[in-house]
Peer 1: 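Below is a structure I'd like to ask you about.
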Amino acid sequence: MNEELKQKVTAYLDGALPAAEAAAFEREIAKSPELLAELEEQRAVSKLLKDLPREKLPVGFMQRLERRRAGGDARPEPEWVFLAPAYRPFAAALSGLIVAVVVWDKVGERPLPVLPYEHAAVKRAADAPPVQFELAKNVAPAAADKLSGDLKKEADDAGYAATEDPGYAPPAVELPDDQRRQALVSKRERARAKGAPIGVEDMAPGSAIGGAGGGVAAGAPPASAAAEPASMMELAAAPKPEEGKRAVAAVRGMAQAPAAMQAPAAARPLTEEERSARNEEMYQAFEKEKRKMGIAGFAPKKDDAAQRVLSAAGIGTAPTRIDSTTPNLLGAKDGVLPRALRSESAFRDAWFALKLPGDPPAVDFSQTMVVVLPEPGEVLTTKEAARELVVSWRRLPDAGPAERLRPLPLSGKSVRLERRD
Amino acid sequence: VSEQEFLDGNAELVFNLALRLTGNRADAEDLAQESLIRALRALKGFRGDSQVSTWVYRITVNTWKNRVRSEKRRAFWKTVTLGFYGKDEDGEDEVRDIKADEPPLDQDLEKAEKSDQVQKALLQLEEDDRAIVVLREIQEKSYEEIGAMLDLPQGTVKSRLFRARAKLKDILKPVVKAA
């Protein structure tokens, strides 16, 4: 049976066929058992559906409806709302806070606008050769450390002036012989580190500290490193020997100076190692100046001093604590522990400094002091002089380090040791 | 029509329609109440172009279809959540019956069993097809009224009704033979 006939059966059942067509279809059904079977099946299904019981309203339906209606609620709260109403204000506040933080963060991150002239200034500074640094610390620093304040100021001024005016020529400065030698040695070391050759003429008298454009200052035109030999000859042969020497020195200064100083346009940035070395040099010079000026803070730590003293004596690890009553510790000229220990703490420090095992023995320092011998030995005699206690002792080859500590009756005088072997 | 008259005449019809559409009393009551509240809100604006029953049936069917759409979305999340909660003894995802327990629709066991089978067969139909079958067979609405309620042409109603009946005939064949 085709679909069209089945649909016609459905329409017949629903009474959707016109009366004439329905009568004609009834006759057709009567002749066809297949059509009749289809009609009966559809009617049975329809009957099953129609026989579904009509339910009464559930008890309390209308009351619940009125209650729900009075609450203005057409539908109960959806199940997916898990948060209890009491917590919703907190959730809303927390959400607002998070949004505020995010917005604040985004706004705070906005970079400040870079004005054109600011951008240009930054670029100039970045491209500019570090003339001042180079003058003060690469050309003159070693010398500057040893020069007087005026000389250093002059070098710095030259460097500063050169940064301000490329055409400015700092005056060449004559160095005393010993300072010049120091400066040249330092310069040679730096140049060697950079791989640049150092000519013997570097050691010629009359070397000077110059800066960018130094040749102009000496009345000579700037010369490149490649043209140095010829220029040197000419300058050295100048009518006025002093000016010639200065000019040679100035040209050499340029040749030895970093490339950044010679040709600003071709300036190269310092490598990390160079920059680190320069900073270290600056730092050391600064520390030296501080020491000269007596600024507090540069003095080595007390423990460091003690470590140096003990290390020089070959004792090893510094005591964990140095007592303020310990005499002669920092001032010991022979580089050993204090000759006499008059307190328990000093005795304890010495005990550990000598790496002796266990804890130090109990000593009554109200009656006793402990003498520290340079080597394991024994005390032979003691003799009180006007200002000191002279202790004669002798070395015991087979004794252990504990035998360096010898108790003696307490004395307030300084102790002098006399060896009697 | 006053509100009380409207409720007296249509509340039970709406509940029964909702019962056949949803398949259980709890959901049926919820759907019927929501539909009636919506109808009461719009009652003043009802112009009488159709029978009141047809108008409120349309509201009920539309409310139900909207619910079905949102239920499908919620069912997705529920499935995820149930799967998350764990496995049963056989290692399968725990399946929880989300339908409310309810008494049988009829007290007569034989009748109740048959009704239950018919109702289950109804629930196997597509939503639109189910609505058409229920409106036609149970509520005895004409093609024209059904088309008006569901915003469908009569030809579409007719073809969908035929398709739904054919499917029901296959599903209910054992029940028909036993009858």
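Since the structure is predicted, the reported quantities are computational estimates derived from the model, not experimental observations.
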Peer 1: With only heavy atoms counted, which part of B:L122 is less than 4.5 Å from chain A, the side chain, the backbone, both or neither?
Peer 2: side chain
Peer 1: Check each atom of B:V133 against the heavy atoms of chain A and say whether the ones under 4.5 Å are side chain, backbone, both or neither.
Peer 2: side chain
Peer 1: Is B:K169 close to chain A through its backbone or its side chain, or both, or neither, when contacts mean heavy atoms under 4.5 Å?
Peer 2: both
Peer 1: Report the C-alpha distance between B:R130 and B:E126 in whole Å, list the side-chain angles of each, state the deciding distance to 0.1 Å, and finish with yes or no for salt bridge (charged side-chain N to carboxylate O under 4.0 Å, His left out).
Peer 2: CA-CA 6 Å; B:R130 195 189 315 167; B:E126 295 290 325; over 6 Å; no
Peer 1: Among side-chain atoms of B:K158 and A:T10, is any donor-acceptor pair under 3.5 angstrom?
Peer 2: no
Peer 1: B:E3 versus chain A, heavy atoms under 4.5 Å apart: side chain, backbone, both or neither?
Peer 2: side chain
Peer 1: We want to know whether B:E145 and B:Y57 form a side-chain donor-acceptor pair, criterion being a heavy-atom distance below 3.5 angstrom.
Peer 2: no
Peer 1: Side chain, backbone, both or neither: which part of B:A28 has an atom under 4.5 Å from a heavy atom of chain A?
Peer 2: neither
Peer 1: Side-chain donor-acceptor pair under 3.5 Å between B:E12 and B:N16, yes or no?
Peer 2: no
Peer 1: Using non-hydrogen atoms and a 4.5 Å limit, figure out which bit of A:K47 sits close to chain B: side chain, backbone, both or neither.
Peer 2: neither
Peer 1: In terms of side-chain heavy atoms, does A:S46 have a donor or acceptor partner in B:E137 at a distance below 3.5 Å?
Peer 2: yes
Peer 1: When heavy-atom pairs shorter than 4.5 Å are enumerated against chain B, which of A:D51, A:L49, A:L13 gives the highest number?
Peer 2: A:L49
Peer 1: Please identify, among A:K56, A:E40, A:Q42, the residue contributing the most non-hydrogen atom pairs under 4.5 Å to chain B.
Peer 2: A:K56
Peer 1: B:E140 versus chain A, heavy atoms under 4.5 Å apart: side chain, backbone, both or neither?
Peer 2: side chain
Peer 1: Side chains of B:Q117 and B:E113 only: does a donor on one sit below 3.5 Å from an acceptor on the other?
Peer 2: no
Peer 1: Do we see a donor-acceptor contact under 3.5 Å between the side chains of B:Q33 and A:R68?
Peer 2: yes
Peer 1: Specify which of A:P58, A:A11, A:A44 makes the most heavy-atom pairs with chain B at under 4.5 Å.
Peer 2: A:P58
Peer 1: So which of A:K50, A:R54, A:M62 has the largest heavy-atom pair count under 4.5 angstrom toward chain B?
Peer 2: A:R54
Peer 1: Test B:R67 against every option in B:T22, B:D30, B:N62, B:D27 by the side chain to side chain donor-acceptor pair (under 3.5 Å) rule and name the one that passes.
Peer 2: B:D30
